[in-house]
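Atoms considered below: every heavy atom in the structure, side chains included; atoms not considered: hydrogens, waters and symmetry mates. Start at 1 with the first residue, then count along the sequence.
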Amino acid sequence: MIIPVFDIKNNECVSGKSGKRKTYTKLNSVYGENPIEITINLKKSGAKYIYIADLDKIENRGNNSELISEINKILPVILDNGASSIEDILFNKKICAYSILATETMKSIEDTIEIFKELPFEKLIVSIDIKNNELLINNSNIKMNEIISLVNEVKPDYTILLNISQVGTRKGNADKFINEIISKTPYTQHIIAGGLTNKSIKKYKSEGIDNFLIGSILHEGSLFDDYKW
């Protein structure tokens with residue numbers, strides 16, 4: 001499954017490279033000029049979901065929740081807005097279809113397990129965020145082996161493996177680090193993200209991975225039709 005991606009900042013779609021968010025600029029997409037238009041055209045093209053990162057919310061600079069709620073009425077939104085508590089997830093239920101619990105904003109393993117105990121598993125997705133070949137984690141006391149144990153304990157339907165360093169670079173080839181996480185988390189379906197190309201999608205598919213978050217090559221119109229949706 002191909003899941004379209006865009007980030008939102010100040011109610012606009014933006015894009016950039018390698019997670020350097022201060023340098024992000026307005027997204028240039030073959031699907032339209034603004035978030036609503038892009039979403040409508042993606043749906044017409046056959047997209048089943050859309051992944052959105054609310055950069056303002058993640059960075060505690062406000063939020064784009066009202067716009068995201070409108071988008072969710074068009075296509076089910078898989079949302080990363082820095083959710084890290086039960087209260088965050090309960091709020092997200094009003095504006096999106098699926099909430100992401102990302103390591104970038106994760107406060108503790110215990111809090112995350114508690115969220116999974118209290119709320120429906122099928123509406124929660126874990127995102128293992130990687131930057132510069134290291135786990136990107138809000139709490140530096142949390143180590144990769146603990147994240148892997150967390151995923152194996154709560155067994156989310158989906159786990160995103162996001163290499164933030166490769167976002168927008170078209171260098172998202174399968175690497176040893178990602179493959180090691182995949183091999184150690186057999187009880188979840190993996191969604192690969194970060195700089196993917198048609199070549200790397202083909203490689204992952206040959207290894208049994210079928211779910212991808214796609215931004216750059218989708219919005220520029222170069223994603224092969226064979227991979228949609």
Subject >> Derivation of the side chain to side chain contact (heavy atoms under 4.5 Å, CB included) call for Leu119 and Leu90 >> reply: CA-CA 9 Å; Leu119 299 171; Leu90 290 175; 3.8 Å; yes
**OP:** Kindly indicate, with the supporting measurements, whether the criterion side chain to side chain contact (heavy atoms under 4.5 Å, CB included) is fulfilled by Tyr158 and Ile78.
**Re:** CA-CA 11 Å; Tyr158 293 96; Ile78 300 169; over 6 Å; no
**OP:** Decide side chain to side chain contact (heavy atoms under 4.5 Å, CB included) for Ile147 and Ile137; before the verdict, give the C-alpha distance in whole Å, the side-chain angles of both, and the deciding distance to 0.1 Å.
**Re:** CA-CA 10 Å; Ile147 296 297; Ile137 189 79; 4.2 Å; yes
Subject >> Stepwise side chain to side chain contact (heavy atoms under 4.5 Å, CB included) test for Asp88 and Ile115 >> reply: CA-CA 10 Å; Asp88 291 340; Ile115 292 169; over 6 Å; no
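By the 6.0 Å contact criterion, NZ on Lys205 is enclosed, its count of non-hydrogen atoms from other residues, nucleotides or ligands being greater than 12. Within 6.0 Å of atom CG in Asn28, 12 or fewer heavy atoms from other residues, nucleotides or ligands are found, so the atom counts as exposed in its surroundings. Shown here is Glu114, whose CD atom has more than 12 heavy atoms of other residues, nucleotides or ligands within 6.0 Å. The environment of Glu134 atom CD is sparse: at most 12 non-hydrogen atoms of other residues, nucleotides or ligands sit within 6.0 angstrom. The local environment of NZ in Lys228 is crowded, with over 12 non-hydrogen atoms from other residues, nucleotides or ligands closer than 6.0 Å.
Within the 4.5 Å cutoff, the side chain of Ile95 has no heavy atoms near those of the Asn72 side chain. For the pair Met144 and Ile128, the minimum side-chain heavy-atom distance is below 4.5 Å. Using a 4.5 Å heavy-atom threshold, the side chains of Ile160 and Tyr51 count as touching. Using a 4.5 Å cut-off on side-chain heavy atoms (C-beta onward), Met1 and Tyr49 make contact. Taking the side chain as every heavy atom from C-beta outward, Thr103 and Ile142 never approach each other to under 4.5 Å. Residues Trp229 and Leu42 meet the side-chain proximity criterion, which asks for heavy atoms closer than 4.5 Å. The shortest side-chain heavy-atom distance between Asn198 and Leu223 falls under the 4.5 Å cut-off. Counting only heavy atoms from C-beta outward, the side chains of Val154 and Thr188 never approach each other to under 4.5 Å.
Each of Tyr187 and Leu161 belongs to its own hydrophobic cluster when Ile, Leu, Val, Met, Phe, Trp and Tyr are linked at side-chain heavy-atom distances under 4.5 angstrom.
Contact detail for Ile113 and Glu153: the closest heavy-atom pair is CD1-OE1, 3.6 Å. Pairing each heavy atom of Gly82 with each of Ile58, the nearest pair is N-CG1, 3.6 Å. Here the closest heavy-atom approach between residue Asn138 and residue Met106 is recorded as CB-O, 3.2 Å. Cys13 approaches Ile38 most closely through the heavy-atom pair SG-CD1, 3.9 Å. Across every non-hydrogen atom of Lys107 and Asn139, the tightest pair is O-ND2, 3.0 Å. Nearest approach of His190 to Ile181, heavy atoms of both residues: NE2-O, 4.4 Å.
Here the CD1 atom belonging to Ile191 is positioned 11.0 Å from the CD1 atom belonging to Ile2, to the nearest 0.5 angstrom. Taking CD1 from Ile8 and CG from Asp80, the interatomic distance works out to 12.0 Å, rounded to the nearest 0.5 Å. Note that CD1 of Ile182 is 11.0 Å distant from CD1 of Ile148, once rounded to the nearest 0.5 Å. Taking CG of Leu55 as the start and CD of Glu12 as the end, the distance is 12.0 Å to the nearest 0.5 Å. Taking OG of Ser15 as the start and NZ of Lys26 as the end, the distance is 11.0 Å to the nearest 0.5 Å. Put simply, CG on Leu162 and CD1 on Ile178 are 8.5 Å apart, with the number rounded to the nearest 0.5 Å.
Looking only at distances, a side-chain donor or acceptor of Thr112 sits under 3.5 Å from a matching main-chain atom of Ser108. A donor-acceptor pair is defined here as one N or O able to donate and one able to accept, closer than 3.5 Å; such a pair exists between the side chain of Asn41 and the backbone of Tyr31. Judged by distance alone, the side chain of Asp129 and the main-chain N or O of Glu104 form a donor-acceptor pair under 3.5 Å. Between the Thr39 side chain and the Pro35 main chain, a donor and an acceptor come within less than 3.5 Å of each other. Not a single donor-acceptor pair under 3.5 Å links the side chain of His219 to the backbone N or O of Pro4.
Salt-bridge check for Glu146 with Lys143: failed, with every basic side-chain N at 4.0 Å or more from each acidic carboxylate O.
Residue Asn81 forms a side chain to side chain donor-acceptor pair (under 3.5 Å) with just one option from Asn64, Asn92, Asp54, Asp56, and that option is Asn92.
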